[in-house]
S.K.: 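Below you will find the structure I want to go over with you.
Computed from a predicted model, the values in this text were never measured in an experiment. All residue numbers in this chain count up from 1 along the given sequence. Atom set for the values below is all heavy atoms of this structure, side chains included, hydrogens, waters and symmetry mates excluded.
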Amino acid sequence: MSENDKAKVNTSPEIEVGTAEDVDAIMKKYDRESNVRIWEGTPKLVIRVLLALFAIYLVWVNLFSTQDERFRRPVFMGLIILFVFLIYPMRKGATKVNYIPWYDIVLAVLGAGSFFFYAANLNKIVDLGTRINAGFLLNIGGTSIPLLIVLGIVGALVLAECCRRVVGIPILCVATVFILYAFTLGGKSLRTVVYNLFYTTTGIIGTPIGVCSTYIVLFVIFGAFLEATGIASFFIDCANALAGWATGGPAKVAVISSALCGMVSGSSVGNTVTTGSVTIPLMKKTGYPGEFAGAVEASASTGGQIMPPIMGAAAFLMAEMTNNPYSYILTRAILPAALYFTGIFLMVHFKAKKMGLKGLPREELPKAGMILPKIYLIIPLAILVYMIINGKTMATAAVYATFYTITVSMVSREPVMGKKLIMALSVLPLLVLTFLEEQFKAVRPLGMKFSTFMMLVYLAFVLVNMAVSSENRRQSYTFFNALENGARNCLSVAVACGIAGIIAGVVTMTGLGQVLISAIVGVANGQLIIALVLTMLCCIVLGMGVPTTANYVIMATTCAPILITGMQMEVIAAHMFVFYFGIVADITPPVALAAYAGSAIAKAPPMKTAFNATRLAIAAFIVPYIFAFNNAMLFINTTPVEVVMVIISSFVGMFLIAAGLMGYMLKDLNWPLRIISIAGGLLLIIPGTVTDVAGLAILAAAIAYQLIFQKNQPAAA
């Protein structure tokens with residue numbers, strides 16, 4: 001959580017929101033990334049500068065470098081390991097200032113050195129191939145020991161220690177089980193395991209790290225710059241203006257703001273704490289029970305990971321692993337995500353109506369006149385989606401969107417209107433680069449590519465702006481913070497992707513995927529529903545306590561092939577199915593980290609909060625089954641008319657399900673009506689004319705019953 005976020009926690013003087021220290025304590029308890037060493041003075045400045053330079057290096061290497069991927073990835077992992085040991089202590093609660101123990105220095109050097117050695121000797125190692133017992137021999141006590149095997153083991157073990165510190169134990173347990181399988185049931189030798197997991201692109205430096213080091217890190221840096229512009233507070237202001245005044249307004253604000261912020265943050269826990277520090281106390285003040293308030297924020301924040309266009313960075317992995325364009329993934333994810341948030345929104349509405357809760361006074365809410373002038377803050381997101389859909393690489397789109405973020409941030413900080421116009425004009429070179437690059441591809445001013453030349457022109461404009469504007473000189477410090485936070489946020493993602501690469505490597509090396517397919521298909525006996533339930537359980541168990549990106553890699557490697565190969569499901573439907581159930585592990589007991597973080601802010605029982613969050617996120621448990629049986633919900637093999645019908649029937653179905661679960665529609669629902677409403681909602685969500693007609697009949701009957709037989713019942717309890 002950035003300093004800016006902490007400063008924004010107490011947004012209303014009338015509400016007792018925890019201090020920044022309280023928020024830090026919650027983050028440290030439920031989010032390992034918040035447990036860091038204490039650096040002060042010159043050492044702190046040095047580390048911050050190194051992190052900022054690392055972020056710049058990541059931009060440079062993705063835009064301009066032509067290095068071999070097998071060289072770039074080990075270098076990237078080596079740098080990640082060095083930073084992890086500089087920032088994260090062995091145990092929680094480190095209190096010594098400017099101190100790093102000698103053994104951490106040794107581990108950092110050994111771990112990073114293993115990856116750097118691989119990069120430096122890439123050609124020789126490639127020539128050796130599987131003969132890693134030959135060459136690079138160590139002579140210890142007269143015994144020749146293969147250096148490559150030693151380095152592979154050391155590098156993997158140090159990476160595992162980094163994972164323990166930054167990410168947590170659950171994913172390590174999963175990886176350990178897979179490696180033990182490779183040695184025992186898989187019958188692989190030590191040489192084979194080390195070679196495949198450390199020295200090939202099917203292991204640690206495989207697809208997850210490849211995508212992480214090229215796409216994901218740039219979007220993490222982009223997210224850090226978005227935070228620096230204050231876009232999170234802008235989203236919250238928009239949500240307050242839209243829904244804060246309505247029945248149960250604070251809960252609806254939590255749903256909307258978490259959907260918008262969560263798609264950028266990439267962390268269910270981080271989003272829960274950041275936006276929840278504002279929304280949960282407001283919900284409690286309005287009258288919602290603590291466990292319900294915490295659950296609303298946790299379920300909405302978790303849903304941010306399935307919200308296009310970014311989907312917690314998993315969208316880019318999914319595009320790579322399914323061999324589809326990013327725009328294809330984005331389109332298929334829209335309706336399921338919309339149904340998820342519609343379900344939560346309706347349930348908090350019905351809960352508020354049932355309890356007779358009101359919204360916030362309009363005079364306490366942001367006015368449209370305050371929000372509309374800041375609408376330009378969403379330009380970077382709009383440009384990002386535009387560029388990707390129009391064929392730009394994801395790396396290029398992320399970098400350009402980051403530059404747009406810098407520009408809009410400078411415009412927003414400049415207090416004088418005349419100077420604001422000058423700041424705005426500085427975006428012209430970038431606009432030329434974005435929209436007219438194709439027309440100027442053959443132009444090479446000063447011998448450079450046109451895009452490189454225009455990027456330098458744009459940076460020159462930015463520097464001039466900073467030189468002539470004292471406000472923007474101060475803003476440059478914010479940009480430095482954004483670079484630092486972006487690089488820092490990359491560490492956990494990269495470590496998790498490295499461990500996920502081990503799991504994927506074992507599956508590839510041993511053929512474990514085929515074993516799982518045979519086992520589940522055998523138990524299912526040709527019944528898709530049984531295979532889906534078993535796959536769902538695997539995803540929830542394997543996804544507990546695992547970050548979004550690594551979570552998806554594990555699911556895509558182990559569980560998706562079960563449905564694709566074993567049950568002949570559509571590829572994107574299978575990947576969406578396992579992705580959804582991996583994500584909801586964050587709110588599913590017993591390891592519901594996002595729900596527990598929400599309960600800590602709400603000061604409510606953790607398990608009650610987790611069960612409430614699971615109920616609120618019911619769409620995430622229903623919708624994947626629907627699109628698994630009928631791909632129309634993913635807009636696959638369907639017509640425009642069918643798409644419209646699916647959208648209408650699905651949203652009406654969520655209305656019935658939400659009413660049944662909360663026990664309120666127009667008035668209170670008794671248990672028979674609640675069960676009938678849920679059944680009618682399910683019928684409507686299932687694509688098909690017969691089921692839609694049956695569902696609509698149930699809706700009409702429920703409304704008629706309430707209007708005729710419950711007309712004397714008060715509208716709110």
S.K.: Would you say the side-chain atoms of R674 pair up with the backbone N or O of L661, donor to acceptor, closer than 3.5 Å?
M.R.: yes
S.K.: Answer whether the closest heavy-atom distance between the side chains of F219 and L384 falls below 4.5 Å.
M.R.: yes
S.K.: Which distance, rounded to the nearest 0.5 Å, do you find between the CE of M318 and the CD1 of I572?
M.R.: 5.5 Å
S.K.: Is a side-chain donor or acceptor of S258 paired with a backbone partner of V255 at a separation under 3.5 angstrom?
M.R.: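 Not a single qualifying donor-acceptor pair exists.
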S.K.: Can you tell which of K351, M347, E297 makes a side chain to side chain contact (heavy atoms under 4.5 Å, CB included) with L616?
M.R.: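 Only match with L616 under side chain to side chain contact (heavy atoms under 4.5 Å, CB included): M347.
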S.K.: Do M569 and L528 come within less than 4.5 Å of each other through their side chains, counting heavy atoms only?
M.R.: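 Side-chain contact under 4.5 Å: yes.
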S.K.: Rounded to the nearest 0.5 Å, how far apart are CZ of F222 and CG of L381?
M.R.: 4.5 Å
S.K.: Determine yes or no for a side-chain-to-main-chain donor-acceptor pair under 3.5 angstrom, with Y328 supplying the side chain and L330 the backbone.
M.R.: no
S.K.: Does a side-chain heavy-atom distance below 4.5 Å link I204 with I502?
M.R.: yes
S.K.: Any donor and acceptor pair, going by atom type alone, linking the side chain of T565 with main-chain N or O of I562 inside 3.5 Å?
M.R.: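 Absent.
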S.K.: Give, for atom CG of L339 and atom CG of L335, the distance between the pair rounded to the nearest 0.5 Å.
M.R.: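 CG of L335 is found 4.5 Å from CG of L339.
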S.K.: Taking atom CE of M607 as the centre, report whether more than 12 heavy atoms of other residues, nucleotides or ligands fall under 6.0 Å from it.
M.R.: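 Yes, enclosed.
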S.K.: Heavy atoms, side chains only, cut-off 4.5 Å: are V553 and I503 in contact?
M.R.: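 Contact flag for V553/I503 side chains = no.
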S.K.: Measure up the F579 and Y552 rings against each other and bin them: parallel (under 30°), tilted (30 to 60°), perpendicular (over 60°).
M.R.: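 The rings of F579 and Y552 stand perpendicular, inter-plane angle above 60°.
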S.K.: Less than 4.5 Å apart, side chain to side chain, heavy atoms only: is that true for F621 and F581?
M.R.: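 The answer is yes; the side chains approach within 4.5 Å.
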S.K.: Using a 4.5 Å cut-off on heavy atoms from C-beta on, say whether the side chain of M633 contacts that of V623.
M.R.: yes
S.K.: For the atom pair CG (L682) and CD1 (I657), what is the distance rounded to the nearest 0.5 Å?
M.R.: 4.5 Å
S.K.: Can you name the closest pair of heavy atoms from G680 and I698 and give their distance?
M.R.: CA-CD1, 3.6 Å
S.K.: Go through the steps to decide whether I540 and M536 satisfy the test side chain to side chain contact (heavy atoms under 4.5 Å, CB included), and finish with yes or no.
M.R.: CA-CA 6 Å; I540 291 175; M536 175 193 74; 4.0 Å; yes
S.K.: Tell me whether T614 contacts the main-chain N or O of I587 through its side chain, where contact means a donor paired with an acceptor under 3.5 Å.
M.R.: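 Yes; at least one donor-acceptor contact below 3.5 Å.
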S.K.: Given side chain to side chain contact (heavy atoms under 4.5 Å, CB included), test C538 with T558 step by step and report yes or no.
M.R.: CA-CA 9 Å; C538 287; T558 58; over 6 Å; no
S.K.: Can you find a heavy atom in the side chain of N525 that is under 4.5 Å from one in the side chain of I530?
M.R.: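 They are not in side-chain contact.
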S.K.: Could you grab the distance from atom CD of Q706 to atom CG of L673, nearest 0.5 Å is fine?
M.R.: 6.5 Å
S.K.: Set out, in order, the CA-CA distance, both residues' side-chain angles and the distance that settles side chain to side chain contact (heavy atoms under 4.5 Å, CB included) for T535 and M555, then state yes or no.
M.R.: CA-CA 9 Å; T535 305; M555 302 308 120; over 6 Å; no
S.K.: Shortest non-hydrogen contact from T609 to S599?
M.R.: OG1-CB, 3.3 Å
S.K.: Minimum heavy-atom separation for V296 to A254, with atom names?
M.R.: CG1-CB, 4.1 Å
S.K.: What distance separates R332 CZ from E570 CD, expressed to the nearest 0.5 Å?
M.R.: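 CD of E570 is found 9.0 Å from CZ of R332.
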S.K.: Any sub-3.5 Å donor-acceptor pair from N631's side-chain atoms to F627's backbone N or O?
M.R.: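 The answer is yes, because a donor-acceptor pair under 3.5 Å joins these two groups.
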S.K.: I want to check something: taking the side chain as every heavy atom from C-beta on, are V646 and T638 in contact at a cut-off of under 4.5 Å?
M.R.: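 V646 vs T638: side chains apart.
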S.K.: Mind jotting down which residue pairs meet the ring pair (Phe, Tyr, Trp, His ring centres under 6.0 Å) criterion with at least one end in residues 329-351? Sequence neighbours excluded, please.
M.R.: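 Counting only pairs at least two positions apart or across chains, the ring pair (Phe, Tyr, Trp, His ring centres under 6.0 Å) contacts touching residues 329-351 are F350-F655.
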S.K.: Checking N612 side chain against K608 main chain: does a donor-acceptor pair fall under 3.5 Å?
M.R.: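 Yes: the side chain of N612 pairs with the backbone of K608.
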S.K.: For Y625 and F577, what are the C-alpha separation, side-chain angles and deciding distance, and is it a ring pair (Phe, Tyr, Trp, His ring centres under 6.0 Å)?
M.R.: CA-CA 8 Å; Y625 282 94; F577 184 91; 5.4 Å; yes
S.K.: Verify, without hydrogens or angle tests, whether K252 (side chain) and T247 (backbone) share a donor-acceptor contact under 3.5 angstrom.
M.R.: yes
S.K.: How close do D668 and K354 get, heavy atom to heavy atom, and via which atoms?
M.R.: OD1-NZ, 3.5 Å
S.K.: Check A604 against E291 and note the closest heavy-atom contact, atom names and distance.
M.R.: CB-N, 3.4 Å
S.K.: Apply side chain to side chain contact (heavy atoms under 4.5 Å, CB included) to residues T557 and F178 and explain how you reach the verdict.
M.R.: CA-CA 12 Å; T557 304; F178 275 74; over 6 Å; no
S.K.: Which atom names give the shortest non-hydrogen contact between V217 and S213, and what distance separates them?
M.R.: CG2-O, 3.5 Å
